2 protein chains.
Amino acid sequence: MPKRPGVNQDRLVEASLELIQEQGEQGLTFVALAKKLGIKPPSLYNHVRSIDDLKYILRLRGLRLLESDLKNAVIGRSESAALHSLCHAYRHFAQTQPALYRMTLASTEHDDADLQAAGRASLEVLLAVLSGYGLEGERALHAIRCLRSALHGFVSLEIAGGFAMPLDLDDSFELLIRQQEQGLRELPPRG
Amino acid sequence: MPKRPGVNQDRLVEASLELIQEQGEQGLTFVALAKKLGIKPPSLYNHVRSIDDLKYILRLRGLRLLESDLKNAVIGRSESAALHSLCHAYRHFAQTQPALYRMTLASTEHDDADLQAAGRASLEVLLAVLSGYGLEGERALHAIRCLRSALHGFVSLEIAGGFAMPLDLDDSFELLIRQQEQGLRELPPRG
DNA sequence: GTCAATAAACTATTGTCATTAGTTTATAAA
DNA sequence: TTTATAAACTAATGACAATAGTTTATTGAC
């Protein structure tokens with residue numbers, strides 16, 4: 001029973017993604033969004049509860065897109081091939097949608113169940129890859145934290161312009177992957 | 001020739017740090033800041049050019065504090081001891097001043113020379129530690145990028161609440177350090 | 001086809017910001 | 001004591017999110 005089939009939440013999210021793609025997260029305002037959709041700002045409240053609600057929706061969307069990309073990257077691959085493909089997919093996601101990536105990883109008090117579930121889904125993909133290295137249980141979870149840290153750290157520094165030295169970024173990233181793989185093959189002893 | 005020795009830029013920065021410590025970056029407004037200082041918002045423009053200018057100043061302050069902490073952490077230490085101490089200092093900084101850490105690493109179009117210099121200073125500390133591992137030149141720079149990525153990734157995920165699994169974070173961080181050290185001792189071959 | 005229900009748009013308004021312009025005040029030096 | 005000026009002030013503007021209340025268009029029942 002849709003009454004006026006103009007704007008719906010999907011179109012709203014789509015337009016929001018375009019906005020942050022063009023102007024970054026700070027370009028995402030109800031004024032700009034309404035203009036892009038051809039309606040007045042207050043009408044947006046028929047589709048989202050608030051601008052924070054909209055950002056939450058985008059965050060969730062980002063997490064799910066990322067998980068989808070990661071899953072596609074490892075399909076039909078295992079061990080080293082899977083790891084490399086996954087790492088490149090992760091970086092590619094952040095490079096092509098930097099604003100969405102930033103929002104996805106933004107901290108929030110809104111620790112929602114859906115949000116956690118979406119995050120856990122990506123974790124499952126990593127776990128599957130690590131099982132190919134014979135890692136399971138707590139050891140695997142600790143290892144995943146290290147891998148996630150390296151990936152997130154690299155791509156967030158990269159899209160923030162944090163790597164200033166005139167040195168090939170692809171080379172650095174390849175080294176990072178090799179180091180991670182080495183860390184998985186021979187988990188260093190305590191000490 | 002100070003005319004009215006009330007608020008100056010140092011007190012302003014100090015109050016700003018308290019504000020973001022208490023309420024996060026979004027709690028940093030000229031209204032709140034002026035109230036904390038006992039003046040009216042427009043008076044703040046006698047000490048900073050804009051709120052973005054203030055955030056730039058805080059970013060710079062954060063970078064310099066971080067560098068100072070890192071430097072102190074490695075003084076009188078070398079190789080493994082230096083690396084461990086440095087990593088823990090890095091994490092400690094982010095844990096105790098999460099909002100400032102977040103701002104420090106925030107992306108900016110304001111790619112200022114002072115900002116770059118401050119960032120490079122921390123890099124020098126890392127370089128000094130790596131030289132103890134026999135790493136120099138481009139190899140050292142690539143290795144630094146990996147180390148920075150791991151550190152930044154871990155602490156930013158940690159302060160964002162990104163590690164949801166019920167698993168000791170200190171243990172994960174220790175593993176991360178050991179993996180990084182292993183990566184430095186035996187730089188993995190290409191392929 | 002008419003009409004009631006309602007989703008989705010609208011107008012008008014409020015409150016919170018950052019920011020600017022112009023004015024007053026207090027201090028330091030002459 | 002006077003003067004220059006840094007640093008406060010008042011008043012106002014414009015962007016934004018958000019709310020209240022109103023209108024409009026479409027759907028579905030009759």
Side-chain angles (χ1 to χ4, degrees), chain A residues 1-61 99 102-103 106-110 112, chain B residues 1-61 99 102-103 106-110 112:
Chain A
M1 50 202 73
K3 291 299 169 174
R4 218 180 294 190
V7 171
N8 55 25
Q9 205 183 72
D10 278 348
R11 283 208 53 207
L12 201 150
V13 166
E14 186 188 339
S16 300
L17 288 175
E18 288 174 23
L19 261 181
I20 64 174
Q21 192 84 315
E22 294 159 9
Q23 310 181 32
E25 187 181 348
Q26 73 165 5
L28 180 63
T29 70
F30 271 11
V31 173
L33 189 53
K35 178 173 286 182
K36 192 181 264 280
L37 291 166
I39 60 178
K40 304 289 176 178
S43 305
L44 294 169
Y45 289 87
N46 288 316
H47 306 103
V48 290
R49 276 193 290 276
S50 68
I51 197 165
D52 282 337
D53 183 39
L54 172 60
K55 287 176 181 173
Y56 164 80
I57 292 168
L58 291 176
R59 214 158 24 231
L60 197 55
R61 174 71 63 106
R102 256 190 289 271
M103 293 186 66
S107 76
T108 168
E109 296 82 32
H110 206 96
D112 180 83
Chain B
M1 50 201 74
K3 292 297 170 175
R4 218 181 294 190
V7 172
N8 55 24
Q9 204 182 74
D10 278 349
R11 285 208 53 210
L12 201 149
V13 166
E14 186 188 338
S16 300
L17 288 175
E18 289 174 21
L19 261 181
I20 64 174
Q21 192 84 315
E22 294 159 9
Q23 309 180 31
E25 187 180 348
Q26 74 166 5
L28 179 64
T29 70
F30 271 10
V31 173
L33 188 53
K35 179 173 287 183
K36 191 181 264 283
L37 291 166
I39 59 177
K40 304 289 177 178
S43 305
L44 294 169
Y45 289 87
N46 288 316
H47 307 102
V48 289
R49 276 193 290 277
S50 68
I51 197 165
D52 282 337
D53 184 38
L54 171 61
K55 288 177 181 173
Y56 163 81
I57 292 168
L58 291 176
R59 215 161 16 234
L60 197 54
R61 174 72 62 104
R102 255 190 290 269
M103 292 185 67
S107 75
T108 168
E109 295 81 33
H110 206 97
D112 180 82

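Bear in mind that the values here come from a model prediction, so they are computed numbers and not experimental data. Per chain, numbering begins at 1; letters A, B, ... match sequence-line order. All heavy atoms count here, side chains included; hydrogens, waters and symmetry mates do not.
Taking atom CD on B:Gln9 and atom C1' on D:dA6, their separation rounds to 15 Å, with Å as the unit. Whole-Å rounding puts the B:Gln26 CD to C:dC17 P distance at 11 Å. Look at CZ on A:Phe30: it is 20 Å from P on C:dG15, rounded to the nearest Å. Taking atom OH of residue A:Tyr45 and atom P of nucleotide C:dC10, one finds them 14 Å apart after rounding to whole Å. Rounded to a whole Å, the CG atom of B:Leu44 is 14 Å from the C1' atom of C:dT20. Between A:Lys40 atom NZ and D:dT22 atom C1' there is a gap of 16 Å when expressed in whole angstrom units. In this structure, the CZ atom of A:Arg49 is 17 Å from the P atom of D:dA17, given to the nearest Å. Rounded to whole Å, the distance from CG on B:Leu33 to P on C:dT19 is 12 Å.
A close approach under 4.0 Å does occur between a side-chain nitrogen or oxygen of B:Ser43 and OP1 or OP2 of D:dC9. For C:dA7, the OP1/OP2 oxygens have no side-chain nitrogen or oxygen of A:His47 closer than 4.0 Å.
Side-chain contact between B:Val48 and B:Tyr56 is absent, with no heavy atoms from C-beta onward closer than 4.5 Å. Annotation: side chain of B:Leu60 is not in contact with side chain of B:Asp112 (no heavy-atom distance under 4.5 Å).
Closest heavy-atom contact between B:Thr29 and B:Leu19: O-CD1, 4.4 Å. For the residue pair A:Ile39 and A:Ser43, the shortest heavy atom distance occurs at CD1-CB, 3.9 Å.
Relative to the side chain of A:Ile39, the nucleotides C:dT19, C:dA9, D:dA18 differ in distance, and C:dA9 lies closest. In this structure, of C:dA9, D:dA20, D:dA17, it is D:dA17 that holds the atom nearest to the side chain of A:Ile51.
A:Thr29 comes within 4.0 angstrom of the backbone, heavy atoms only, and of no base. Note on A:Pro41: nothing from the nucleic acid sits closer than 4.0 angstrom, heavy atoms only.
Ion pair B:Arg102/B:Glu25 not flagged as a salt bridge, since none of the NZ, NE, NH1 or NH2 atoms sits closer than 4.0 Å to an Asp/Glu carboxylate oxygen.
No N or O donor and acceptor, one from the side chain of B:Asn46 and one from the base of D:dA6, sit under 3.5 Å apart.
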